[in-house]
Student: 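First the structure, then my questions, so here it is.
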Amino acid sequence: MEVTCPTCSATFKVPDTVEVATCPYCGTTFHVHTKETGEHFFFPPMKKDAGGVLLKFLSRQYGAPADIVDAKVTKKELHWVPVYFFYLHGRSRLWPTVEEVQFMGIPAGSPFKTLLEGYPFPIRGKIFFDEAVVKKGHYYEPEVPKEKAEELARVALINALKGEASQEDKRVSEDELDLEVRYLGLVHYPLWELRYEYGGNEYWGYVDGTDGRVISAEYPLMSGARKRASMMALGVLGAGFVLGIIASAAYGTGLGLLGGIIPGGVGAWGIASKGAVRKRIVSEVMKGRSGNLYFQPI
């Protein structure tokens with residue numbers, strides 16, 4: 001069926017069985033039939049087993065034990081993390097091509113606030129808050145005022161516009177920007193905290209409670225994988241040394257040797273730091289502030 005957003009008047013289609021919809025244009029969540037809006041929402045947790053989702057994901061990682069799917073999950077706790085949602089729209093009055101439209105979630109509390117900073121929260125799927133969810137996990141009240149979160153969202157929008165302008169070799173100042181920061185409500189977001197045992201050691205993981213994305217997790221790296229990475233690192237370092245000697249002999253200066261050793265050393269360190277460790281941190285999520293979180297050593 002076709003519905004009209006009570007905020008921006010945009011028209012879009014939703015399944016006939018839907019009672020609550022989120023506008024894809026302005027992010028407003030409302031009752032399809034009554035057009036009622038609200039400011040407190042939550043995402044229903046997935047029905048899949050979070051422990052099984054985590055271990056299956058880890059089994060596909062480089063160097064993970066083949067039987068890690070049989071590891072014993074020792075802790076599985078659901079947390080309801082408060083997140084302020086905003087719709088952001090900004091543009092430059094001088095440069096028409098400099099424009100940004102974003103939906104942003106800013107964690108407002110809980111021990112997982114830092115973990116979820118910059119997280120790509122989904123837009124659709126949230127429903128009006130139900131007090132019953134408080135009893136289904138660890139519930140956290142917001143610690144950050146809405147006004148503070150709104151200012152953080154505004155700064156993020158300005159930085160995004162300045163970054164986009166710099167890519168076009170242009171510069172913009174805050175005074176020449178049109179900014180819209182619209183508050184969409186407080187959302188309590190489900191997050192699974194997990195612990196599992198393998199080989200006598202305990203490891204951790206965090207899983208998105210809405211769709212099973214592994215936000216961050218650690219796993220043991222098999223000795224064979226560590227050895228292969230170490231040998232590859234030595235090979236890269238050796239190749240850099242040989243190329244340095246050749247360059248030094250060709251140009252009659254010691255700078256050629258340094259020119260081979262330094263890049264070789266950097267490459268070797270990159271391989272060893274990622275593949276020659278006992279455990280690794282991986283994620284299914286690309287985070288804007290950190291880039292790809294795959295293969296971070298600890």
Student: Look at Glu174 together with Arg154 and state whether they make a salt bridge at an N to O cut-off of under 4.0 Å.
Tutor: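 A salt bridge links Glu174 with Arg154.
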Student: Can Lys48 and Asp211 be counted as an ion pair, charged N to O under 4.0 angstrom?
Tutor: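 Between Asp211 and Lys48 there is no salt bridge, as every charged N stays at least 4.0 Å from the carboxylate O atoms.
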Student: Over 60° means perpendicular and under 30° means parallel, so tell me whether Tyr140 and His138 are parallel, tilted or perpendicular.
Tutor: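 Tyr140 vs His138 ring planes: parallel.
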Student: Tell me whether the guanidinium CZ or amine NZ of Lys279 lies under 6.0 angstrom from the six-membered ring centre of Tyr219 and within 45° of its axis.
Tutor: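 Relative to the ring axis of Tyr219, which defines the angle, Lys279 lies outside at least one limit.
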Student: For Glu193, is there an ion pair with Lys75 - N to carboxylate O distance below 4.0 angstrom?
Tutor: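 Glu193 and Lys75: salt-bridged.
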Student: How about His79 and Phe112: are their ring centroids closer than 6.0 Å?
Tutor: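 His79 vs Phe112: aromatic centres under 6.0 Å.
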Student: Quick one: do Val285 and Phe43 end up in the same hydrophobic cluster if we chain Ile, Leu, Val, Met, Phe, Trp and Tyr together by side-chain heavy atoms under 4.5 Å apart?
Tutor: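 Yes, it is one cluster - the side chains of Val285 and Phe43 are joined through contacts under 4.5 Å.
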Student: Of the non-hydrogen atoms in Tyr198 and Pro65, which two are nearest, and what is the gap between them?
Tutor: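 Reported closest heavy-atom pair: OH-CB, 3.1 Å.
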Student: Do other residues, nucleotides or ligands put more than 12 heavy atoms under 6.0 Å from Tyr25 OH?
Tutor: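 Open.
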Student: Can we say Glu150 and Lys148 salt-bridge, meaning some charged N sits less than 4.0 Å from an Asp/Glu carboxylate O?
Tutor: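 Between Lys148 and Glu150 there is no salt bridge, as every charged N stays at least 4.0 Å from the carboxylate O atoms.
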Student: Angle between ring planes, Phe30 versus Phe12, binned at 30° and 60°: parallel, tilted or perpendicular?
Tutor: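 The rings of Phe30 and Phe12 stand perpendicular, inter-plane angle above 60°.
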Student: If you count every heavy atom of other residues, nucleotides or ligands that lies below 6.0 Å from Lys170 atom NZ, does the total exceed 12?
Tutor: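 Yes, enclosed.
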